[in-house]
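First the structure, in the form of structure tokens, and then the observations on it.
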Amino acid sequence: MIDLRILRNDPELGREAQRRRREPPELIDEILRADESRRASIATFEQLRGEQKTMGKKVAQAHGDDKAALLARTKELSVRVRRAEAAQTAAEQSFHDAMKLLPNLASPEAPAGGEDDYVVLEHVGEPRDFAAEGFEPLDHVELGKRLGAIDIERGAKVSGARFYYLTGPGADLELALVNMAMDQARGAGFTTMIPPALVKPLAMEGTGFLGQAAGDVYRLPEEDLYLVGTSEVPLAAYHCDEILDAATLPRRYVAFSPCYRKEAGSYGKDTRGIFRVHWFDKVEMFTYTTLEESFEEHQRLLGWEKEWFDKVELSYRVIDTAAGDLGLSAQRKFDCEAWIPTQGRYRELTSTSNCTEFQARRLNIRGRFEDGIRPLATLNGTLVSMARTIVAILETHQQADGSVRVPTALQPYLQGRTTLEPVR
RNA sequence: GGAGGUGUCGCAUAGUGGCCUAGUGCGCCCGCCUGCUAAGCGGGUUGAGGUUAAUCCCUCUCGCGGGUUCAAAUCCCGCCACCUCCGCCA
């Protein structure tokens with residue numbers, strides 16, 4: 001949800017933001033109309049309600065015929081109050097429904113356009129040149145088999161397509177990555193968290209995942225709960241309906257959680273291996289801060305992500321996502337994409353979004369400042385997403401003999417192992 | 001899952017249909033007093049919305065949602081959370 005005053009003062013700003021996202025600009029005018037009728041219905045109700053309260057006091061004091069006459073009038077008034085209240089509720093509902101459809105206003109710095117209109121901000125490291133080294137790289141499916149690290153057949157047998165088991169060194173690798181990520185974040189001052197992966201509709205809705213992304217979300221209709229696609233959801237909802245003391249900001253949390261995604265509409269895409277799966281684990285950073293601070297915090301989150309890539313020794317590039325490819329909540333988003341040798345291209349491993357006040361308004365998260373109470377800003381950033389990082393590490397650090405070199409920084413987290421060796 | 005209990009302003013509590021415009025204490029903020037501090041004294045202290053240039057003012061907010069009534073913190077129904085006990089369980 002965005003600040004209504006912005007739209008009232010400058011509707012064209014809102015329409016333009018919609019165009020940059022390739023979303024309908026007419027929504028702005030719908031919202032403004034809904035707001036007008038909402039305010040009119042509030043005025044009507046309040047006027048009648050005030051009258052009813054005044055009359056009620058007179059009734060309490062009157063006796064005999066006076067009282068009977070007053071009662072006749074208040075009975076009639078009561079009906080009108082009830083009708084006005086119903087009209088107000090309906091008008092507020094329509095207004096909120098329209099507001100809920102409106103995505104965050106994209107940053108003026110975010111490139112306009114759709115998925116392919118991103119801007120590359122930088123490249124870090126060189127993609128490894130296997131041809132020069134004289135051998136053909138294996139893909140992660142083959143490597144995973146040889147190392148006894150990934151069991152895709154049994155994942156499919158037990159859970160279906162896009163599921164897998166991490167086994168032996170694969171499981172060890174995930175735990176090592178989790179621990180290294182948690183250590184990094186803890187060192188940077190984050191509070192570690194293990195949040196619930198099942199949440200109520202409020203948390204999903206509040207974080208913006210029931211809009212355009214709803215098709216990608218698993219729902220348990222029996223309990224009316226959702227499986228989260230990222231721990232951003234429980235971390236954002238953690239402080240919903242709270243007023244945080246400004247002195248406690250920024251609040252930084254880092255969470256480990258499973259992530260579940262239907263991957264609807266991705267049929268035929270990335271069908272091989274564990275690059276695109278229905279479940280993976282992730283370590284996610286999340287910050288509550290002020291709107292003014294959020295832009296620098298966004299850069300800091302990006303900085304921690306880059307630090308991570310350096311530690312696992314992957315070459316990558318950073319892209320500035322185009323407005324049309326931002327999630328509903330995001331004002332700006334940077335993705336870090338690692339080079340995947342057997343795909344010959346950069347693929348998204350991590351992502352950091354500045355949601356400004358958008359989620360905080362929906363979830364009613366505010367800060368108490370010297371000059372009053374205001375919504376906070378929320379930001380999120382991946383530190384490590386498991387399946388894809390494991391793909392990148394296995395493929396990038398494989399050696400001609402079929403073993404995989406363990407990045408130096410990761411070795412202490414892998415019982416000192418320097419390589420993962422083939423078992424067959 | 002079953003039975004019972006509880007949910008009021010930051011905390012603790014009062015309030016069983018109109019005198020609630022929700023009282024009191026603690027905490028907190030401002031001021032007075034005072035070598036300093038404490039105490040004492042006076043005032044303020046939920047949040048949201050409408051209106052406004054801003055204030056004033058008005059409406060909503062007693063876990064949430066319905067209902068009864070001219071009128072609901074108060075009566076009725078449903079839901080949620082927490083506590084106690086029983087059952088089951090990693």
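The figures that follow rest on heavy atoms only: side chains count, while hydrogens, waters and symmetry mates do not. Lettering follows sequence order; numbering is per chain, from 1.
If you check residues 38-54 of chain A against RNA chain B, the residues with a heavy atom closer than 4.0 Å are Arg38(A), Arg39(A), Ile42(A), Phe45(A), Glu46(A), Arg49(A), Gly50(A), Gln52(A), Lys53(A), listed by number. Taking every heavy atom of residues 362-377 of chain A and every atom of RNA chain B, pairs under 4.0 Å involve Arg366(A), Arg368(A), Ile373(A), by number.
Evaluation of the ring pair (Phe, Tyr, Trp, His ring centres under 6.0 Å) rule for Phe358(A) yields no partner, not counting sequence neighbours. Every residue was checked against the ring pair (Phe, Tyr, Trp, His ring centres under 6.0 Å) condition with Phe295(A), not counting sequence neighbours, and none meets it. Shown here are the ring pair (Phe, Tyr, Trp, His ring centres under 6.0 Å) partners of Phe275(A), two or more places apart in sequence or in another chain: there are none. For Tyr238(A), the ring pair (Phe, Tyr, Trp, His ring centres under 6.0 Å) test picks out Tyr253(A), with sequence neighbours left out.
Checking U69(B) for Watson-Crick or G-U wobble geometry (two distances, each under 3.5 Å) identifies no partner in any strand. Applying the Watson-Crick and G-U wobble criteria (two distances, each under 3.5 Å), G1(B) pairs with C86(B). Under the Watson-Crick or G-U wobble criterion, with both distances below 3.5 Å, C11(B) is paired with G25(B). Shown here, A81(B) forms a base pair with U6(B); the pair counts as Watson-Crick or G-U wobble because both key distances fall under 3.5 Å.
Cation-pi check for Arg374(A) over Phe369(A) is met; the charged atom lies under 6.0 angstrom from the ring centroid and within 45 degrees of its normal.
Separation of the P atoms belonging to C75(B) and U8(B) is 15 Å when rounded to the nearest angstrom. Separation of the P atoms belonging to C86(B) and C29(B) is 46 Å when rounded to the nearest angstrom. Atom name P, nucleotides A72(B) and A22(B): the rounded distance is 14 Å, in whole Å.
By the 6.0 Å contact criterion, CD on Glu115(A) is open, its count of non-hydrogen atoms from other residues, nucleotides or ligands being 12 or less. The 12-atom threshold is not exceeded at NZ of Lys200(A), counting heavy atoms of other residues, nucleotides or ligands nearer than 6.0 Å.
Listed by first then second residue, pairs satisfying ring-ring contact (aromatic ring centres under 6.0 Å, His included) with a partner in residues 166-194 of chain A read Phe190(A)-Trp304(A), not counting sequence neighbours. Sorted by first and then second residue, the pairs that involve residues 140-171 of chain A and meet ring-ring contact (aromatic ring centres under 6.0 Å, His included), not counting sequence neighbours, are Phe163(A)-His278(A), Tyr164(A)-Trp279(A). Listed by first and then second residue, the salt bridge (charged side-chain N to carboxylate O under 4.0 Å, His left out) pairs involving residues 159-173 of chain A are Asp172(A)-Arg417(A) (not counting sequence neighbours).
The CD atom of Glu223(A) sits 16 Å away from the C1' atom of C79(B) (whole-angstrom rounding).
Side-chain atoms of Thr167(A) and Asp151(A) include no donor-acceptor pair closer than 3.5 Å. Using modelled atom types and a 3.5 Å distance limit, the side chains of Gln93(A) and His96(A) yield no donor-acceptor pair.
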Quick one: what's the B/S/- string for nucleotides 52-57 of chain B, heavy-atom cutoff under 4.0 Å, read 5' to 3'?
------

Reading nucleotides 62-69 of chain B from 5' to 3' and marking B where a protein heavy atom lies under 4.0 Å of the base, S where only the sugar-phosphate is that close, and - otherwise, the string is ------SB

All N/O pairs under 3.5 Å across the protein-nucleotides 16-20 of chain B interface:
unit_1 : atom_1 : unit_2   : atom_2 : d
G18(B) : N2     : Gly56(A) : O      : 3.1

